[in-house]
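Take a look at the structure set out below.
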Amino acid sequence: MSREAAATAGAVAQEGAGGVGAMAESDWDTVTVLRKKGPSAAQAKSKQAVLAAQRRGEDVETSKKWAAGQNKQHFITKNTAKLDRETEELHHDRVSLEVGKVIQQGRQSKGMTQKDLATKINEKPQVIADYESGRAIPNNQVMGKIERAIGLKLRGKDIGKPLEAGPKGK
């Protein structure tokens with residue numbers, strides 16, 4: 001391509017772009033400024049960052065969250081003591097020590113260990129240990145199985161008396 005053809009092509013290109021050299025000059029005059037990012041959320045909330053922003057005269061909004069960072073879920077009310085007294089009285093009844101002693105004596109009189117008795121009634125040895133020590137919550141099904149295994153009554157008025165071996169009346 002000759003010099004004249006190149007000059008003509010360049011002039012046509014400039015005229016199509018909106019004037020003689022207008023587009024070329026505006027591209028070179030545009031300046032883009034890159035700057036650092038602002039502080040992260042944790043840094044912006046720090047006491048130093050808040051004080052620095054206040055010194056610069058910037059608007060700073062601070063709010064205290066109630067019980068923030070603690071495991072408090074409810075407000076303390078006047079009735080807390082009353083509720084505490086009520087909940088202390090609401091606990092499961094345990095097997096009495098008298099029943100535990102009867103189970104232990106009946107088991108030993110038959111020459112059985114806690115494990116033997118547990119195996120006989122299809123329960124875990126820990127269940128027998130809990131009943132004998134008075135830690136267990138009474139379960140009529142388990143109590144009935146223990147009664148039949150050792151032959152002594154564990155429920156009702158006649159605790160420790162021999163169990164009458166009679167058929168169930170239906």
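Excluded from the calculations below are hydrogen atoms, water molecules and symmetry mates; all remaining heavy atoms, backbone and side chain alike, are included.
Side-chain atoms of Lys161 and Leu152, non-hydrogen and from C-beta on, never get closer than 4.5 Å to each other. Between Ile128 and Ile146 the shortest side-chain heavy-atom distance falls below 4.5 Å. Side-chain contact between Asn139 and Tyr131: present, with at least one pair of heavy atoms (C-beta onward) separated by less than 4.5 Å. At least one side-chain heavy atom of Val99 sits less than 4.5 Å from a side-chain heavy atom of Met143.
The pair Glu147-Lys153 does not meet the salt-bridge criterion, since no charged nitrogen lies less than 4.0 angstrom from a carboxylate oxygen. With salt bridges taken as basic N to acidic carboxylate O contacts below 4.0 Å, one links Glu132 and Arg107.
Note: the hydrophobic cluster containing Ile103 also contains Ile159 (ILVMFWY, side chain heavy atoms under 4.5 Å, direct or indirect links). Residues Met112 and Val127 share a single hydrophobic cluster, defined by chaining ILVMFWY side chains whose heavy atoms lie under 4.5 Å apart. When the side chains of ILVMFWY residues are joined at heavy-atom separations under 4.5 Å, either directly or via intervening members, Leu163 and Ile121 end up in two distinct hydrophobic clusters.
Remark: side-chain polar atoms of Arg135 are not paired, donor with acceptor, to backbone N or O of Arg94 under 3.5 angstrom.
Counting non-hydrogen atoms of other residues, nucleotides and ligands closer than 6.0 Å to CD of Glu58 gives a total above 12.
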**OP:** Show your reasoning for whether side-chain contact (heavy atoms from CB on, under 4.5 Å) applies to Arg148 and Lys120.
**Re:** CA-CA 10 Å; Arg148 289 190 296 278; Lys120 189 170 183 179; over 6 Å; no
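Taking each heavy atom of Ala149 and Leu117 in turn, the nearest pair found is CB-CD1, 3.6 Å.
Rounded to the nearest 0.5 Å, atoms CD (Gln126) and OG (Ser133) are 8.0 Å apart. Rounding to the nearest 0.5 Å gives a distance of 11.0 Å between CG of Asp130 and NZ of Lys124.
Between the side chains of Asp116 and Thr119, not a single donor N or O lies within less than 3.5 Å of an accepting N or O.
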